[in-house]
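We use all heavy atoms of the structure for the numbers below, so side chains are in, but hydrogens, waters and symmetry mates are not. Everything numeric here is computed off the predicted structure, so don't read it as measured data.
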Amino acid sequence: MLFSARQKVLFVGDSITDTGRRNPETPMGTGYAAMTANLIDARCAELELTWYNRGIGGDNVQSLCSRWQDDCLDLDCDWVSILVGVNDAHAFVAGNQEYSPENYRRVYRELLDQVVSKTAGRLILWEPFYFVSRQTYDPRVAEVIDGYIQVVHELGREFQNRLVGVIRTQKLFAEATQQRWLDFWMPDGVHPTPPGHALMALEFLKLIGWQA
């Protein structure tokens with residue numbers, strides 16, 4: 001496994017990461033971040049890892065930028081996991097050009113530049129993802145989400161010297177829906193159910209080389 005003793009791990013992003021993490025009883029939330037931390041701690045308690053969840057529902061890359069110093073740089077983590085983009089895509093299809101894929105790339109690059117220049121943290125990036133379902137808020141997002149996914153992979157290549165990997169979340173859930181219907185994984189096409197979060201946690205654990 002890539003993680004070593006007494007390292008610090010940060011999960012940051014939007015509601016998919018947040019999952020109620022500001023409840024004092026669930027500081028890591030109840031989603032993939034908490035599941036990942038709990039599984040590793042259960043089997044590797046001797047590592048004494050420190051975990052942080054800094055997801056905030058509704059955030060986009062510009063929101064992350066406004067809190068990056070407090071919620072990322074000041075924590076000076078060894079590992080920084082970022083999942084953001086679907087809210088940018090929502091704002092863009094609603095007519096706000098400020099959240100275009102081009103601006104998403106520009107601001108996201110600034111965030112990564114700061115991690116690389118001001119910390120020793122290694123990067124784990126997630127594709128933003130979106131599926132059309134019966135409860136989908138705005139199906140037009142499905143027409144543009146690939147542009148945001150492409151940006152994440154471009155930035156991954158640009159920052160490859162500090163990158164652990166890009167988790168292909170869109171592909172992960174697309175393949176999962178071949179086994180069971182979309183409602184089982186994410187009824188609204190955005191927010192995973194507990195099994196959906198577990199699927200994400202397993203993919204994260206695979207990337208860092210953790211085995212049960």
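Listed for the T169 side chain is a donor-acceptor partner under 3.5 Å among the backbone atoms of E127. For D71 (side chain) and L64 (main-chain N/O), no donor-acceptor pair under 3.5 Å exists by modelled atom type. For the pair T193 (side chain) and W185 (backbone), a donor-acceptor distance under 3.5 Å is present. A donor-acceptor pair is defined here as one N or O able to donate and one able to accept, closer than 3.5 Å; no such pair exists between the side chain of K118 and the backbone of L73. Judged by distance alone, with hydrogens and angles left aside, the side-chain atoms of Q170 form a donor-acceptor pair with the main-chain N or O of Y130 at under 3.5 Å. Looking at N53, its side chain does come within 3.5 Å of a backbone N or O of T17 through a donor-acceptor pair. For the pair W68 (side chain) and L111 (backbone), a donor-acceptor distance under 3.5 Å is present. Without hydrogens or angle criteria, E158 side chain to R109 main chain gives no donor-acceptor distance under 3.5 Å. Remark: the backbone N or O of T30 is paired with a side-chain donor or acceptor of T19 at under 3.5 angstrom.
Between L172 atom CG and F129 atom CZ the span is 9.0 Å, to the nearest 0.5 Å. Here the CZ atom belonging to F3 is positioned 8.5 Å from the CG atom belonging to L205, to the nearest 0.5 angstrom. Note: L2 CG to D78 CG = 12.0 Å, rounded to the nearest 0.5 Å. Q150 CD to L155 CG: the interatomic distance, rounded to the nearest 0.5 Å, is 10.5 Å. Going from atom CG of D70 over to atom CZ of R54 covers 9.5 Å, rounded to the nearest 0.5 Å.
K206 pairs by the salt bridge (charged side-chain N to carboxylate O under 4.0 Å, His left out) definition with E203, not counting sequence neighbours.
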Inset, instruction - Please step through side chain to side chain contact (heavy atoms under 4.5 Å, CB included) for the pair C72 and V12, ending with a clear verdict. - result: CA-CA 8 Å; C72 179; V12 64; 5.8 Å; no
Inset, instruction - Evaluate side chain to side chain contact (heavy atoms under 4.5 Å, CB included) for R162 paired with T119, printing each intermediate quantity in order. - result: CA-CA 11 Å; R162 296 284 285 276; T119 79; 4.1 Å; yes
Inset, instruction - Carefully, step by step, assess V93 and E143 under the rule side chain to side chain contact (heavy atoms under 4.5 Å, CB included). - result: CA-CA 9 Å; V93 299; E143 301 172 7; over 6 Å; no
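Taking the six-membered ring for Trp, Y32 and W126 have ring centres closer than 6.0 Å.
For the side chain to side chain contact (heavy atoms under 4.5 Å, CB included) with D14, the lone residue among D88, I56, N87 that qualifies is N87.
The shortest distance between side-chain heavy atoms of Y104 and V152 falls below 4.5 Å. The side-chain heavy atoms of Y108 and L125, taken from C-beta on, include a pair separated by under 4.5 Å.
Between Y148 and Y99 the shortest heavy-atom distance is OH-O, 2.6 Å. The heavy-atom pair separating I167 from F204 by the smallest distance is CD1-CA, 3.9 Å. Closest approach of G121 and V115 over heavy atoms only: O-CG1, 4.1 Å. Pairing each heavy atom of P24 with each of P27, the nearest pair is O-CD, 3.6 Å.
A single hydrophobic cluster is not seen to contain both F184 and M35; linkage of ILVMFWY side chains at heavy-atom distances under 4.5 Å, directly or through other members, places them apart.
Side chain to side chain, S15 and D18 fail the donor-acceptor criterion of an N or O pair below 3.5 Å.
Heavy atoms from other residues, nucleotides or ligands lying under 6.0 Å from CZ of R168 number 12 at most.
Taking 4.0 Å as the cut-off between side-chain N and carboxylate O, R106 and E102 do not count as a salt-bridged pair.
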